[in-house]
Amino acid sequence: MENAQPPRFAEGSLAHALRDRFDRGQRPLLVGVAGDSGSGKTTYTEGIEWLLGADLVSQISLDGYHKEDRATRRQSGASPLDPNANHLAQAAADLAQLQQGIAVDIPRYDHRQGQFLPPRRHTPTPVILIEGLHTLYPEFQSLLDFRIFVDSDVRVKREWKFTRDTQERGYADTEAESQIASRADEFEKWLADQQYAADVVVRIHPSTLGTLALDGVEDDCNDTCYHIEVIVTPNQLSQGSLYFPVDLSTMTRQEALPFMLAMIPSRFQGHGVNVLHVDGHMPLAALDTLENEIRQFIGKPAAPATTTASQALPPTIRFAQMLVAWPFLGHLATPTNAV
Ligand SMILES: Nc1ncnc2c1ncn2[C@@H]1O[C@H](COP(=O)(O)OP(=O)(O)O)[C@@H](O)[C@H]1O
Ligand SMILES: O=C(COP(=O)(O)O)[C@H](O)[C@H](O)COP(=O)(O)O
């Protein structure tokens, strides 16, 4: 039987550089994604994984480090948002092993049943994404190469968490409601400050395009669109170009859909940042082009024309995934950084 060959990437591409440095014995790169429950951490982590591919990226959820399962929590009243309700020191020790390239048994939590699963051996990959409520806590800082904080508006989180927890996690409506209510203060107390340790902060609000309409709104977009802000610290380095083509001729057609893209240099925590704002319906053709541009930048073949798992997602989610992945990919590709 032939030995399976590792996939080949275009010489000089980002994917090639990531694979090559890892195969030469360099340590994996660790990326932390933190934020509240239902804010979109898993969705954006999966976006990076989809773009780079499973041969370069693997994922870990810190939910396996909760001290109690759902039934025990119902008795104790403990909240998973409380750092003391989690084995964070054990998580940091496990990540330190992975960072040294050593395989580790990672504890797991099954949200469908609300119970722990047997640990699974995690073999390091060139990039490891770590997603969780406390991923940007001080115990993880020195281990992380890049940090993302997802900060969704309370109205957005409420809608996403309620739908997911009742449809996929078996929560009754009343319990889902009371959990969301009791967690609002806990988020401010235990999770929100992690954004100040992040390289990129992603904020998601309900669409604000309705406020720009003249007398009366044709399509206020509120149910299907989001206003996404991506806050990044600007750098001086050239990363090549990335095109987002918009067909201006569609703007004068009767069936034109609301859409806005803006870049606003701003101040955040006392330093200069660039804030990218996106709102409205993403033109599908532009989305496909952007995705293929990013894949070309990485050194991966264009996405197949047939419907893939990612392409089956609603356009707003696909676009948000790319907006979150892009600053990280750009960071990797800058000469002063790890690759
Ligand atoms: N940009 C988005 N647009 C629409 N729905 C989204 C978006 N991001 C996340 N969601 C939805 O919100 C729910 C919660 O997202 P998830 O990634 O599971 O959050 P977390 O991992 O932070 O708990 C999911 O059902 C997901 O489909
Ligand atoms: O706060 C979270 C984090 O998960 P996520 O960020 O994916 O929402 C969950 O409530 C706990 O992990 C417990 O899970 P469950 O509520 O399923 O018992």
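The model shown is predicted, which means the values in this text are computed figures rather than measured ones.
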Do NZ/NE/NH1/NH2 and the carboxylate oxygens of [X] and [Y] come within less than 4.0 Å?
X      : Y      : answer
Asp55  : Lys300 : yes
Asp185 : Lys189 : no
Arg70  : Asp110 : no
Arg27  : Asp145 : yes

Does [Y] offer a backbone N or O that forms a donor-acceptor pair with the side chain of [X] under 3.5 Å?
X      : Y      : value
Thr135 : Val33  : yes
Thr125 : Ser58  : yes
Tyr109 : Gly114 : yes
Gln99  : Leu143 : yes
Thr316 : Pro314 : no
Asp82  : Asn84  : yes
Lys41  : Glu131 : no
Arg21  : Pro126 : no

Value rounded to 0.5 Å, distance of [atom1] in [X] from [atom2] in [Y]:
X      : Y      : atom1 : atom2 : answer
Leu209 : His227 : CG    : NE2   : 8.5 Å
Gln90  : Glu139 : CD    : CD    : 12.5 Å
Leu129 : Ile148 : CG    : CD1   : 8.0 Å
Met322 : Ile317 : CE    : CD1   : 12.0 Å

Walk me through whether Gln195 and Ile231 qualify under side chain to side chain contact (heavy atoms under 4.5 Å, CB included). CA-CA 10 Å; Gln195 66 184 291; Ile231 305 172; over 6 Å; no
Indicate the atoms forming the closest heavy-atom contact of [X] with [Y], along with that distance.
X      : Y      : result
Pro124 : Phe22  : O-CZ, 3.4 Å
Ser37  : Arg164 : OG-NH2, 3.5 Å
Ala34  : Gln194 : CB-OE1, 3.7 Å
Leu30  : Leu95  : CD2-O, 3.9 Å
Ala78  : Glu68  : CB-OE1, 3.6 Å
Tyr171 : Arg73  : OH-NH1, 4.2 Å

Donor-acceptor list for residues 269-276 side chains, cut-off 3.5 Å, not counting sequence neighbours:
from	atom 1	to	atom 2	distance (Å)
His271	ND1	Phe268	O	3.0
His271	NE2	Thr233	OG1	3.4

Which residue pairs pass the salt bridge (charged side-chain N to carboxylate O under 4.0 Å, His left out) test when at least one of the two sits in residues 88-106, sequence neighbours left out?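 Residue pairs passing salt bridge (charged side-chain N to carboxylate O under 4.0 Å, His left out), neighbours aside: Asp105-Arg121.
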[X]-[Y] co-clustered via ILVMFWY side chain contacts under 4.5 Å:
X      : Y      : result
Ile60  : Leu29  : no
Tyr44  : Leu144 : no
Leu287 : Leu323 : yes
Phe187 : Tyr196 : yes
Phe259 : Ile264 : no

Check the pair Phe146 / Val200 against side chain to side chain contact (heavy atoms under 4.5 Å, CB included), numbers first and verdict last. CA-CA 9 Å; Phe146 197 77; Val200 171; 3.6 Å; yes
Output, in order, the C-alpha distance, side-chain angles, deciding distance and verdict of side-chain hydrogen bond (donor to acceptor under 3.5 Å, both in side chains) for Asp199 and His331. CA-CA 10 Å; Asp199 296 296; His331 169 88; 5.9 Å; no
Listed partners of His134 passing ring pair (Phe, Tyr, Trp, His ring centres under 6.0 Å), at least two apart: Tyr137
My understanding is that only residues two or more places apart in sequence, or in another chain, count here; which of them pass ring pair (Phe, Tyr, Trp, His ring centres under 6.0 Å) with Trp160?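 Trp160 satisfies ring pair (Phe, Tyr, Trp, His ring centres under 6.0 Å) with Tyr226 once adjacent residues are dropped.
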Using side chain to side chain contact (heavy atoms under 4.5 Å, CB included), reason through Ile298 and Leu18 one step at a time and then give a plain yes or no. CA-CA 10 Å; Ile298 294 169; Leu18 280 170; over 6 Å; no
Please work out whether the ring planes of Trp326 and Phe297 are parallel, tilted or perpendicular, with thresholds of 30° and 60°.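 Ring orientation of Trp326 relative to Phe297: perpendicular.
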Does one side chain, of Thr166 or Asp173, offer a donor that lies under 3.5 Å from an acceptor on the other?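 No, Asp173 and Thr166 have no side-chain donor paired with an acceptor closer than 3.5 Å.
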Please determine if Arg158 forms a cation-pi arrangement with Phe162, meaning its NZ or CZ atom is less than 6.0 Å from the six-membered ring centre and no more than 45° off the ring axis. yes
Cation-pi between Arg183 and Trp190: NZ/CZ under 6.0 Å from ring centre and within 45° of the ring axis?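 That pair does not qualify as a cation-pi contact.
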Is [X] atom [atom1] crowded by more than 12 heavy atoms from other residues, nucleotides or ligands, each under 6.0 Å away?
X      : atom1 : result
Gln296 : CD    : no
Arg120 : CZ    : no
Glu168 : CD    : yes

Name all residues meeting the side chain to side chain donor-acceptor pair (under 3.5 Å) criterion together with Ser79; count only those two or more places apart in sequence or in a different chain, and write none if there are none.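 With sequence neighbours excluded, Ser79 shows a side chain to side chain donor-acceptor pair (under 3.5 Å) to Glu186, given in chain and number order.
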For Asp36, salt bridge (Lys or Arg N to Asp or Glu O under 4.0 Å) partners two or more places apart: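 Only Lys157 meet the salt bridge (Lys or Arg N to Asp or Glu O under 4.0 Å) criterion with Asp36.
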Using a 4.5 Å cut-off on heavy atoms from C-beta on, say whether the side chain of Ile130 contacts that of Leu98. no
